[in-house]
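Sequential numbering from 1 along the given sequence is applied to the chain's residues. Whatever order the structure lists them in is the order used to number ligands and atoms, beginning at 1. Given the structure is predicted, the values throughout are model-derived calculations rather than measurements.
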Amino acid sequence: MKEGRVMRPDGTQTRVVGLFGDPVAHSLSPRMQNAAFRARGLNLCYLSFHVTSARLWEAVAAVRALGFVGVNITIPHKVAAMELVDEVSEEARRVGAINTVVNRDGRLVGFNTDVAGVVDALKEGLGQDIKGKNVVLVGAGGAARACAHAFAQGGAGRLAILNRSAGRAEELAGELGAHAPQTRVFAGPLCPEEIKKWAMEADLFVNATSLGLENAAETPLEDPSLLPTGCAVCDLVYRTGGTRLIRTAKSRGLRTLDGLSVLLYQGARAFTLWTGEEAPIGAMKASLKTVYRG
Ligand code: NDP
């Protein structure tokens, strides 16, 4: 253990890393990041805060006032928080969403580690090379933005973005155009007809909405038999027992990737941004092990 390090936060010189979201109680980030801080002997503590949209600016101001090391930003604040920090990384600006904030002596810098988290998780979990693949992405919020950029960077052949508010899907598809030279991008409403149209030829089906987060019965895909047998399914939402999307895809024999892998890899990048140290992936993974993967 390096000098000045502790095995547990001692409460006196302990510094805080936060998570702002609504809802936030479901998040396993506190468990995972605190395990990482302990593994590295850092006097840091990760706490989640239930922050409503109306009070987001106050919460961000508190990061400066209270000298937090930084915060993670989650549902539904990833897009709005961009306007409240002092600086945004080039990648996060391109994506249009931040999930990690670093407090550099009172100056807040926003980053997006979800893009790399999605890429790493797909590589590890599915051995999936996205190049030339047909991808169906459900959602157009902060997480979907990161996914869309990850797929465009990976050279997906076709990307269909479907969202409850079709206008947001169209906006994302329009913004993506310039950054997706190899990808034909389409946008549409999240409705059975559109799902059917795109799912039938999908190589990868991804849920980046909050469907299934609070209500276990919800799923963006009522009929997984629409997907071809070679299709892989990824759900950014995670829950004990697995989401309905993941469970039904598994029962059809499809390859699946749950949200825990994305959580792990986006969290590892955030850890390094806050601490300047390599993330203890093993300890972080172990901390998530007790959560049953569906
Ligand atoms: P946002 O609030 O930015 O976006 C929410 C998305 O969900 C929008 O596309 C929204 O559609 C859609 N949505 C919400 N309710 C419904 C509904 N009833 N029916 C259909 N669509 C709905 O949130 P984020 O993008 O930040 O997060 C989305 C999900 O991804 C969350 O569950 C979050 O926990 C998860 N996530 C997981 C990560 C991980 O590490 N595993 C990382 C990042 C996110 P509309 O635009 O119409 O409102």
Side-chain angles (χ1 to χ4, degrees), residues 19-33 48 50-53 56 72-82 92 95-100 110-122 124-125 136-150 161-173 187-192 194-195 206-222 234-239 242-246 256-271 284-285 288 291 293-294:
L19 168 66
F20 295 166
D22 177 18
V24 78
H26 68 280
S27 176
L28 294 175
S29 285
R31 178 200 293 237
M32 180 180 75
Q33 295 292 359
S48 59
H50 180 215
V51 175
T52 58
S53 295
L56 181 63
N72 273 144
I73 304 287
T74 189
I75 181 174
H77 305 313
K78 289 182 184 192
V79 177
M82 261 191 26
V95 172
I98 59 173
N99 75 322
T100 303
F111 295 88
N112 192 308
T113 70
D114 281 336
V115 177
V118 168
V119 171
D120 291 348
L122 285 176
E124 190 214 45
V136 179
L137 172 63
V138 183
R145 284 180 162 275
C147 289
H149 280 263
I161 306 171
L162 308 179
N163 194 46
R164 178 177 62 178
S165 316
R168 283 184 93 189
E170 281 156 19
E171 195 182 323
L172 173 55
L190 180 57
C191 63
E194 287 288 313
I195 287 270
V206 180
N207 176 40
T209 71
S210 51
L211 285 169
L213 179 66
E214 293 190 279
N215 180 351
E218 287 178 342
T219 174
L221 183 67
E222 287 294 334
C234 171
D235 197 342
L236 264 72
V237 176
Y238 53 83
R239 62 181 306 130
T243 60
R244 188 173 150 208
L245 175 63
I246 291 292
T256 60
L257 183 72
D258 66 29
L260 288 180
S261 306
V262 179
L263 180 78
L264 174 69
Y265 289 109
Q266 62 75 32
R269 307 254 175 173
F271 175 94
M284 295 168 87
K285 245 186 199 170
L288 300 174
V291 181
R293 301 180 83 128

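- Using modelled atom types, no side-chain atom of D235 and backbone atom of I246 make a donor-acceptor pair closer than 3.5 Å.
- Remark: the backbone N or O of A97 is paired with a side-chain donor or acceptor of N112 at under 3.5 angstrom.
- Separation of atoms OG (S29) and CG (L19) is listed at 5.5 Å; rounding is to 0.5 Å.
- Between the side chain of Q266 and the backbone N or O of L263, at least one donor-acceptor pair lies under 3.5 Å.
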Give a table of atom pairs where an N or O of ligand 1 lies under 3.5 Å from a protein N or O.
unit_1: ligand 1; atom_1: 3 (O); unit_2: G142; atom_2: N; d: 2.9
unit_1: ligand 1; atom_1: 7 (O); unit_2: S210; atom_2: N; d: 3.3
unit_1: ligand 1; atom_1: 9 (O); unit_2: A140; atom_2: N; d: 3.0
unit_1: ligand 1; atom_1: 9 (O); unit_2: N163; atom_2: OD1; d: 2.7
unit_1: ligand 1; atom_1: 11 (O); unit_2: N163; atom_2: OD1; d: 3.3
unit_1: ligand 1; atom_1: 18 (N); unit_2: R164; atom_2: NH1; d: 3.4
unit_1: ligand 1; atom_1: 25 (O); unit_2: G142; atom_2: N; d: 3.1
unit_1: ligand 1; atom_1: 25 (O); unit_2: A143; atom_2: N; d: 2.7
unit_1: ligand 1; atom_1: 40 (O); unit_2: L263; atom_2: N; d: 3.1
unit_1: ligand 1; atom_1: 41 (N); unit_2: L236; atom_2: O; d: 2.9
unit_1: ligand 1; atom_1: 41 (N); unit_2: G259; atom_2: O; d: 2.8
unit_1: ligand 1; atom_1: 46 (O); unit_2: N163; atom_2: ND2; d: 2.8
unit_1: ligand 1; atom_1: 46 (O); unit_2: R168; atom_2: NH1; d: 2.7
unit_1: ligand 1; atom_1: 47 (O); unit_2: R164; atom_2: NE; d: 3.1
unit_1: ligand 1; atom_1: 47 (O); unit_2: S165; atom_2: N; d: 3.0
unit_1: ligand 1; atom_1: 47 (O); unit_2: S165; atom_2: OG; d: 2.5
unit_1: ligand 1; atom_1: 48 (O); unit_2: R164; atom_2: NH2; d: 2.9

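- Annotation: the span from H26 atom NE2 to L213 atom CG amounts to 4.5 Å, rounded to 0.5 Å.
- Contact record, I161 with A169: O-CB, 3.7 Å, taken as the closest heavy-atom pair.
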